[in-house]
Amino acid sequence: MFADIILPLPLDGLFTYSVPQQLENRVKEGMRVLVPFGKNKTYVGVISKIHNQSPEGFQTKDILQAIGISPVLLPHQFEFWQWIADYYMSPIGEVYKAALPAGLKAEDGYKAKTELYIRLTEPFRNEQALHVALNMLQRAGKQLKCFVDYLSISHWGQGEGIELTRDELLNQGHSLPTINALVKRGVLETYEQEVGRLNLTGDPHPEKIKPLSSVQQDAFNQIRFSFLKKNVTLLHGVTSSGKTEIYIHLIQRALEEKKQVLYLLPEIALTVQMMERLHRVFGNRLGIYHSKYSDAERVEIWQKQLSQNPYDVILGARSAIFLPFQHLGLVIIDEEHETSYKQQDPMPRYHARSAAIMLAQMFKAKTLLGTATPSLETYHNAKVGKYGLVELFQRYQGIELPEIQVIDIKDLQHRKMMKGPFSPILLRKVHEALDHGEQVILFQNRRGYAPMIECKQCGWVPHCQHCDVSLTLHRNLNQLTCHYCGYTYQVPTQCPNCGCTQLQTRGYGTEKIEAEVHDIFPEARIARMDLDTTRSRQAYERIINDFSAGRTNLLIGTQMISKGLDFDKVSVVGILNADTMLNYPDFRAYEHAFMMMAQVSGRAGRKGKRGLVILQTKSPDIPVIQQVVNNDYASFYRSLIAERRHFHYPPYYRLVEVYLKHRSESVVEMAGLELASRLCQWFGTRVLGPDKPAVAKVKSLAIRKLVLKFEQGINMSEVRKYLALAQQLMLQDKRYASLQIYYDVDPL
Ligand code: ADP
Ligand code: ZN
Ligand code: ZN
């Protein structure tokens, strides 16, 4: 008896092992087994197939042991993994690594992941003792500041307070020695707690489902009707039109038909608000699955989905497509335009939207894509009739979409009227809003303090030693950081080039915006939401909760703030600089910029009052800005799709990017040319490049990139065979022994 096994290795194909006699009755397809590999390694693999064909040409090794007593994968999952591996040109072993929670890939089960928390020690948990502590710290400035921050962030003394991780405190710019000193003094103590256990309980309450308005009901009926003919339907509904309420009705219908539902959201939009909305209605029939939860919990959900009594509704981020489903009937992909549905690194570089549609098809289930700003691909598919299309142009209860005012900052700069990154009108509107007790959101799509620093005298700019990029200044941490490899550097006190000590910052990151807003509006209660302030799930939720409860009234953030947040009192949204998005050197720049601006604008004026968006740009006259102002998706789509057709881009053409990486610049250069010329023989003018990408070195590896453009109708599985062959021929060459070649199919 033999078994073909998937191993967690970046290698193509399955590995055949022999099944020792004592295991013959135990092993089943889908079960995990421990197998030897190479000289002295062992791996946990999954049995894909059991058969009795002895492989030719090599001696099989025995399976060492079986893990668990039942399969962890259902038959459709093998098919699904294989589809991802083929389509995205990634070894199946990489799909395995991405798909299974770590606990199922380890030999000896999982270990709960814990985080270190920080709290007041028992003796200091009262007002009086706190005063003593504060007095005691008067002479220790750093500790005092850290302690005060702890008290304020944890909302000490206000109700139950908030549990705080040590990392969160570190993220406020305090150092470990400072925190340790406070622990040593006996005011603070650390304790460990398991990461993110959720355990949703409680009975479902379908009676709490909100009745739909008549336009919503109409959309609901259209979707149901569309599903009679189409497998995939797009719900294009403006922000706040009640798409989520419609989803809830559709989910309830699916449950009544005894089907399971997968509800996908981009990771960052999976807020507590959203979970609570679904939990209120579906109770313990709802399971949640995403990367911020502990591995233990993910294993638990996985096992439950295999059991007799699985969750009927799974709300999750992109990795939830890998869960075992037993009778999937509906997949909802909310915010379908979100680029974070595409996994960038590591392999497999899959798009969860495409993969989920595929998954649904395997179950003959229906897929609903929902968004206020459809991706060009999806809208195109709807327009040509491949997908059904349902549109909702009204906000719930007829609340108006915000007014968008475009401000020409180039002109204002000429007239010296800009105050740093702010136009006078933006400042005035922010002022008014704060005076009226309303809230403000300022959007700047750059984190850190300043995107770069430069020498005032000679223009020298510090670069990463390992990557081909300039370094971002993080002033709170007082360091320069490479956003590509994460390497940090000390801020130089003088220019190594000319010795000048005047180093100035250039550009604005969210941190600098925060500092300037603080100077201009000292009374504002400011919060900042970007990658740096939201390293933990708690921090992320705290910022959202504080803002939605009105504890903060001015929120500064990167694109994170545009995601599915429902705030009541935001009357002004400022987009500080649209140009950084528009000038991005990529054919999707306008598409992304439009969506970002439209989504951010959608945060303004949700209930009771029409919101105002101040959109600052140096190019107020370009069409995309006007399309945002008029909320004119249709004309945005028409102009962009014409361009795509003309210049041979998706959705008319399929793109495959081929990346080559090597430590040596000259080797990668040569390899790029050689691969291109080989591919040209087969694909002709469909091959572009090799080119140096905008960032041509990352983590000390030099990079070259080829772009392949294929017209619709070309047999992609044939193309993949040619690419695999080309890769094989290259890697046989000794010069290219350590060359990395990988693909990005349908890149974003
Ligand atoms: P979208 O998902 O389109 O952005 P939501 O579903 O979040 O819109 O709706 C916006 C707000 O309006 C939410 O607070 C939601 O609860 C409320 N809402 C929408 N439709 C209804 C309805 N039919 N009954 C009651 N409240 C509704
Ligand atoms: Zn200099
Ligand atoms: Zn770097």
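Only heavy atoms go into these numbers, but all of them, side chains included; no hydrogens, no water, no symmetry mates. First listed ligand is number 1; within each ligand, the first listed atom is number 1.
- Residues passing the ring pair (Phe, Tyr, Trp, His ring centres under 6.0 Å) test with Tyr659 are Tyr742, sequence neighbours excluded.
- Between the SG atom of Cys455 and the SG atom of Cys495, the angle taken at the Zn ion (ligand 2) works out to 110° after rounding to 10°.
- Phe547 is linked by a ring pair (Phe, Tyr, Trp, His ring centres under 6.0 Å) to Phe567, counting only residues two or more places apart in sequence or in another chain.
- Residue contact check: Gln216 has heavy atoms under 4.0 Å from atoms 19 (C), 20 (N), 21 (C), 22 (C), 23 (N) of ligand 1.
- No side-chain donor-acceptor contact under 3.5 Å links Asp167 to the backbone of Leu170.
- Proximity of a side-chain donor or acceptor of Arg506 to a complementary backbone N or O of Pro451 within less than 3.5 Å is not detected.
- Atoms of ligand 1 found under 4.0 Å from any heavy atom of Val238, numbered from 1 in the order shown, are 3 (O).
- The closest approach between any non-hydrogen atom of Ser241 and ligand 1 is below 4.0 Å.
- In terms of the side chain to side chain contact (heavy atoms under 4.5 Å, CB included) criterion, residue partners of Lys230 (sequence neighbours excluded) are, by chain and number, Ser226, Thr233.
- Among protein atoms, those of element N, O or S found less than 2.8 Å away from the Zn ion (ligand 3) are Cys464 SG, Cys467 SG, Cys482 SG, Cys485 SG.
- Proximity of Gln397 to ligand 1, defined as any heavy-atom pair under 4.0 Å, is not found for any part of the residue.
- Among Phe594, Tyr633, Tyr387, the one residue that satisfies the ring-ring contact (aromatic ring centres under 6.0 Å, His included) test with Tyr379 is Tyr633.
- Separation of the His337 and His236 ring centroids does not fall under the 6.0 Å cut-off.
- Distance alone, capped at 3.5 Å, is enough to place a donor-acceptor pair between the Lys243 side chain and the Gly237 backbone.
- Here is the list of ligand 1 atoms found below 4.0 Å of a heavy atom in Pro211: 22 (C), 23 (N), 24 (N).
- Looking at His351, its side chain does come within 3.5 Å of a backbone N or O of Arg353 through a donor-acceptor pair.
- Here Cys458 contributes SG and Cys498 contributes SG, and at the Zn ion (ligand 2) these two atoms make an angle of 120°, given to 10°.
- A donor-acceptor contact shorter than 3.5 Å is absent between the side chain of Arg224 and the backbone of Phe220.
- Considering Arg704, Lys697, Glu669 as possible partners of Lys692, the one that fulfils the side chain to side chain contact (heavy atoms under 4.5 Å, CB included) test is Arg704.
- Less than 4.0 angstrom separates some heavy atom of Lys210 from each of these atoms of ligand 1: 16 (O), 24 (N), 25 (C), 26 (N).
- Near Ser240, with a cut-off below 4.0 Å to any heavy atom, the atoms of ligand 1 are 1 (P), 3 (O), 4 (O), 8 (O), 10 (C).
- Proximity annotation for atom 5 (P) of ligand 1: of Glu245, Arg277, His249, Arg277 comes nearest, heavy atoms only.
- The ligand atoms of ligand 1 that sit less than 4.0 angstrom from a heavy atom of Gly242 are 1 (P), 3 (O), 5 (P), 6 (O), 8 (O), 9 (O), 19 (C).
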